[in-house]
Amino acid sequence: MERIEFAGVGKRYVIGDQKTAREAIMAGARRLSGRRSSQAREFWSLRDVSFTVSDGDALGIIGRNGAGKSTILKLITRITSPTTGTSRTRGRVAALLEVGTGFHPELTGRENIYLNGAILGMSRRDITRVFDDIVEFSGVERFLDTPVKRYSSGMGLRLGFAVAAHLEPDILVVDEILAVGDAEFQRKCLGRMEEAEKEGRTLVFVSHDLDSLSQLCSRALWLEAGRIRQAGDSRDLVRDYLTSSLAASQGGTALVDAGPVSVRRVQVVPRGRPEGSALLREDTLLIEVDFDLAEELSYFDLSVYLTNHRGVRVLDEAVSDHAAGPLGPGSYRARMEVPPILNVGQFSVGLWCGSATSTLLDEAAVTNFTLHGSKRNRPSRTVVLDLPIEVSVR
Ligand SMILES: Nc1ncnc2c1ncn2[C@@H]1O[C@H](COP(=O)(O)OP(=O)(O)OP(=O)(O)O)[C@@H](O)[C@H]1O
Ligand SMILES: [Mg+2]
């Protein structure tokens with residue numbers, strides 16, 4: 001049975017209708033960057049999108065910021081409806097889209113759990129049966145009788161995920177949960193999604209964490225500017241997505257425009273050898289990121305991460321690991337030195353940029369590079385540290 005069917009789905013938005021501040025910033029930036037004509041009062045965030053998801057399948061969706069991923073999820077959950085084509089969903093859908101979606105702010109955590117269960121068509125008894133699991137998973141026990149509007153965004157997220165994942169939906173839809181929350185919580189969420197999959201639930205998962213995505217989902221869609229660029233086996237897709245980096249696909253203009261931040265150029269150069277020479281395993285790599293800031297940010301943070309060809313995040317370093325603070329408008333260059341610890345192979349440079357509380361941009365493959373040289377007979381290792389192993393008599 002097909003749980004989800006999209007046939008020729010298009011979604012047109014009128015600019016200025018953005019629901020969240022972030023969407024408004026992103027849409028504004030796209031307009032300023034001239035990618036759409038300045039007269040355009042409307043644009044298509046999805047065009048001619050067709051796919052199906054069968055009962056019990058797990059589908060991953062990947063694509064750059066603004067590609068239309070969240071729009072697909074909003075259509076699946078019927079929060080919004082298509083402008084053209086048809087989107088059909090069969091069964092009970094539980095979704096975790098943005099923090100707090102699906103919660104009533106005036107009601108307490110406890111009341112919201114029951115309300116969400118009722119919306120999913122569960123009986124009071126069924127909800128009571130999973131109630132304790134939800135509370136334990138979310139860790140918000142002490143605040144159960146507090147109105148949700150007083151929750152921090154972290155608490156709202158925890159409870160939101162716990163509810164979505166435990167209320168026995170036919171279809172579980174999760175948007176980008178791994179971008180928020182601590183490592184422990186992220187692991188719990190992934191574990192819970194795996195269980196949901198084993199229980200035979202249908203899963204749709206949007207994430208920039210390509211490794212988790214390809215582990216969880218056998219099939220994936222790659223969206224580009226509102227259209228499906230590629231669909232198929234998720235491992236193949238992740239590999240192709242990572243190799244078609246932004247730097248390769250765009251010339252001249254900014255690589256990424258994300259509200260106040262625009263990334264002009266990202267380069268990987270070998271230290272102490274001419275620019276443009278092939279990168280060798282023994283090289284110390286300099287990763288340089290040129291970006292402009294259009295306005296003062298009271299707290300600016302940037303992280304540079306490296307992903308191998310399977311989507312595993314090998315490195316992820318942030319300005320805030322050392323110090324971060326306000327940054328005024330201007331043109332900047334960020335530099336990171338990577339010692340020669342990586343094995344040969346293909347890598348993608350990812351960039352994340354944001355403030356203490358929000359993400360402005362997150363692109364897993366701004367540019368790619370290949371490290372050449374001998375694998376020293378152990379191609380399966382990702383890092384090479386040459387750690388000595390001492391063998392002695394006990
Ligand atoms: N309610 C809305 N009104 C107007 N434009 C919108 C609205 N929601 C989304 N958009 C625009 O539609 C496009 C696709 O947005 P969508 O949120 O689906 O992208 P996404 O792939 O989820 O991106 P991200 O990785 O940044 O979350 C964007 O250009 C966005 O600004
Ligand atoms: Mg999104």
Side-chain angles (χ1 to χ4, degrees), residues 6 9-38 40-49 51 59-85 87 95-101 157 160 173-180 204-210 212-213 220-231 237-238 241-242 246 254-263 305 350-355 357-366:
F6 273 48
V9 168
K11 178 70 191 174
R12 186 180 55 209
Y13 279 121
V14 176
I15 291 165
D17 273 2
Q18 282 81 5
K19 295 290 180 297
T20 65
R22 180 165 170 266
E23 282 171 3
I25 291 174
M26 302 294 269
R30 286 195 184 93
R31 237 168 28 249
L32 287 175
S33 71
R35 275 191 240 156
R36 291 189 173 82
S37 95
S38 54
R41 302 297 306 152
E42 54 175 47
F43 70 89
W44 293 84
S45 78
L46 289 179
R47 271 188 203 270
D48 199 23
V49 169
F51 65 92
L59 177 78
I61 305 180
I62 61 179
R64 297 183 47 198
N65 292 133
K69 305 180 294 296
S70 299
T71 305
I72 289 193
L73 300 192
K74 286 180 193 155
L75 289 163
I76 292 174
T77 55
R78 309 186 190 97
I79 288 174
T80 186
S81 46
T83 314
T84 61
S87 63
L96 188 66
L97 301 185
E98 278 140 21
V99 178
T101 9
L157 180 93
V173 171
V174 179
D175 196 351
E176 215 58 89
I177 183 147
L178 301 166
V180 216
V204 182
F205 182 37
V206 167
S207 183
H208 289 285
D209 179 344
L210 303 174
S212 302
L213 185 137
L221 298 181
W222 170 5
L223 284 185
E224 194 171 79
R227 295 178 189 272
I228 295 179
R229 165 151 171 187
Q230 202 174 316
L237 219 76
V238 163
Y241 178 68
L242 286 170
L246 290 176
L255 293 172
V256 192
D257 266 314
V261 186
S262 46
V263 178
Y305 55 92
L351 275 185
W352 175 93
C353 211
S355 66
T357 50
S358 67
T359 292
L360 288 167
L361 79 91
D362 190 346
E363 292 287 351
V366 189

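Order of listing sets the numbers, starting from 1, for every ligand and every atom in it.
In this structure a side-chain-to-backbone donor-acceptor pair under 3.5 Å is missing from N65 to E363.
The Mg ion (ligand 2) has an N, O or S atom of S70 closer than 2.8 Å.
With rounding to the nearest 0.5 Å, the separation of OH in Y241 from CD in Q230 is 12.0 Å. Expressed to the nearest 0.5 Å, how far CD1 of I79 lies from OG1 of T71 amounts to 11.0 Å. The line from CG of L223 to CZ of R47 is 14.0 Å long, rounded to the nearest 0.5 Å. Taking CG of L75 as the start and CZ of F6 as the end, the distance is 4.5 Å to the nearest 0.5 Å. Between I228 atom CD1 and I61 atom CD1 the span is 8.5 Å, to the nearest 0.5 Å. For the atom pair CG of D175 and CZ of F205, the computed distance is 9.0 Å after rounding to the nearest 0.5 Å.
Checked by distance only, ligand 1 and A67 come closer than 3.5 Å through their nitrogen or oxygen atoms. For ligand 1, one of its N or O atoms has an N or O atom of G68 under 3.5 Å away. The distance criterion of under 3.5 Å between nitrogen or oxygen atoms is not met by K74 with respect to ligand 1. An N or O contact shorter than 3.5 Å is missing between G63 and ligand 1 by distance.
Each of the following atoms of ligand 1 lies closer than 4.0 Å to a heavy atom of T71: 14 (C), 15 (O), 16 (P), 18 (O). Annotation for ligand 1: atoms under 4.0 Å from non-hydrogen atoms of N65 are 23 (O), 24 (P), 25 (O), 26 (O). Atoms of ligand 1 lying under 4.0 Å from at least one heavy atom of S45, given by number and element, are 12 (O), 13 (C), 14 (C).
In this structure, K11 has no heavy atom closer than 4.0 Å to ligand 1.
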